[in-house]
Amino acid sequence: VCMCMCVYACVCVCMHVYVCVCFTQKFATEEKGWGVRSTRPFSKGEFICEYSGELISAEEAKDREARYALVPEVGCYMYYFEFLGRKMCVDATADNKRHGRLLNHSKTNPNVVTKMVILDNVPYLCLVAGRDICKGEQLEYDYGDRSKMSVQSHPWLVK
């Protein structure tokens, strides 16, 4: 039973906090495929969701990216970051029904930021409100990817 008494099931996310998936909603955008919007207001600094997937090394991630590129309809959902001096990645390509992997990019007007939380020496990528967010607003953060190849494939990365 969901802790907020809705029809959805609460999911355990990073920090071992239960969050109701009904606070975000997946929707189709015109330009960027799937997106996520809020179904309630969020205050600056409030936890929204986790970028959830398999924690792997950057080397393994590069190998997987090459394999995923052979099947474009699958897509590729990689989040690279540094942890304890090592380049790491969360591979969220496998659909786990969580919305963190579907948040879109905004270089000019992001409303979400990433906060790394370490629990039992394992990093978790938590997406939190970077400012107050209104109900119905699309949730977006800056992917930080400015590589020439990525921008050629996804021109919206410069926006």
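Index from 1, following the sequence.
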Determine, stepwise, if the pair Y51 / L103 fulfils side chain to side chain contact (heavy atoms under 4.5 Å, CB included).
CA-CA 9 Å; Y51 192 92; L103 268 70; over 6 Å; no
From the list H99, R101, R98, side-chain hydrogen bond (donor to acceptor under 3.5 Å, both in side chains) with E50 holds only for R98
Could you give the side-chain donor-acceptor pairs of residues 60-72 under 3.5 Å, partners two or more places apart or in another chain?
residue	atom	partner	partner atom	Å
E60	OE2	R64	NE	2.9
R64	NH1	E54	OE1	3.0
R64	NH1	D91	OD2	3.0
R64	NH2	E54	OE1	3.2
R64	NH2	E54	OE2	3.2
E65	OE1	Y80	OH	3.4
E65	OE2	Y80	OH	3.3
Y68	OH	D91	OD2	2.6

One should read off an interatomic distance between I118 CD1 and Y124 OH, to the nearest 0.5 angstrom, of 11.0 Å
Between L55 and P123 the two heavy atoms that sit nearest each other are CD2-CD, 3.8 Å
Notebook entry, point to check: With under 30° as parallel and over 60° as perpendicular, where do the rings of Y79 and Y141 fit, or are they tilted in between?
Noted result: parallel
One should read off an interatomic distance between N104 CG and R37 CZ, to the nearest 0.5 angstrom, of 12.0 Å
Smallest heavy-atom separation, P110 atom then K107 atom, equals CD-O, 3.9 Å
Same cluster or not: are Y77 and M116 linked, directly or through other Ile, Leu, Val, Met, Phe, Trp or Tyr residues, by side-chain heavy atoms under 4.5 angstrom apart? yes
Ignoring hydrogens and angles, write down the donor-acceptor pairs under 3.5 Å from the side chains of residues 129-137, residues two or more places apart or on other chains.
residue	atom	partner	partner atom	Å
R131	NH1	E137	OE2	3.0
R131	NH2	E137	OE2	2.4
D132	OD1	K44	N	2.8
E137	OE1	C134	N	2.8
E137	OE2	N111	ND2	3.2

Closest non-hydrogen contact found for H105 with Y143 is ND1-N, 3.0 Å
Separation between CG (L139) and CZ (F23), nearest 0.5 Å, reads 13.0 Å
Residues V90 and G53: closest non-hydrogen pair is CG1-N, 3.5 Å
Margin query: Side-chain heavy atoms nearer than 4.5 Å, only ILVMFWY residues, links allowed to pass through others: does that put M78 and V74 together?
Written below: no
Checklist entry - Side chains of F42 and V128: does their closest heavy-atom pair fall under 4.5 Å? => result no
OG1 (T24) and CD (Q138) are apart, to the nearest 0.5 Å, by 12.0 Å
- Task: Answer yes or no: does atom CD of E30 have more than 12 heavy-atom neighbours from other residues, nucleotides or ligands under 6.0 Å?
- Result: no
**Study point:** Step-by-step side chain to side chain contact (heavy atoms under 4.5 Å, CB included) determination, L127 to T114
**Key:** CA-CA 5 Å; L127 301 173; T114 305; 3.4 Å; yes
SG (C126) and CD (E46) are apart, to the nearest 0.5 Å, by 13.0 Å
**Asked** Does D142 use its side chain to pair, donor to acceptor, with the backbone of T108 at less than 3.5 Å?
**Response** no
Is there a donor-acceptor pair under 3.5 Å between the side chain of S57 and the backbone N or O of M88?
no
message = With heavy-atom distances below 4.5 Å as the criterion, would you say the side chains of L102 and F27 are in contact?
response = no
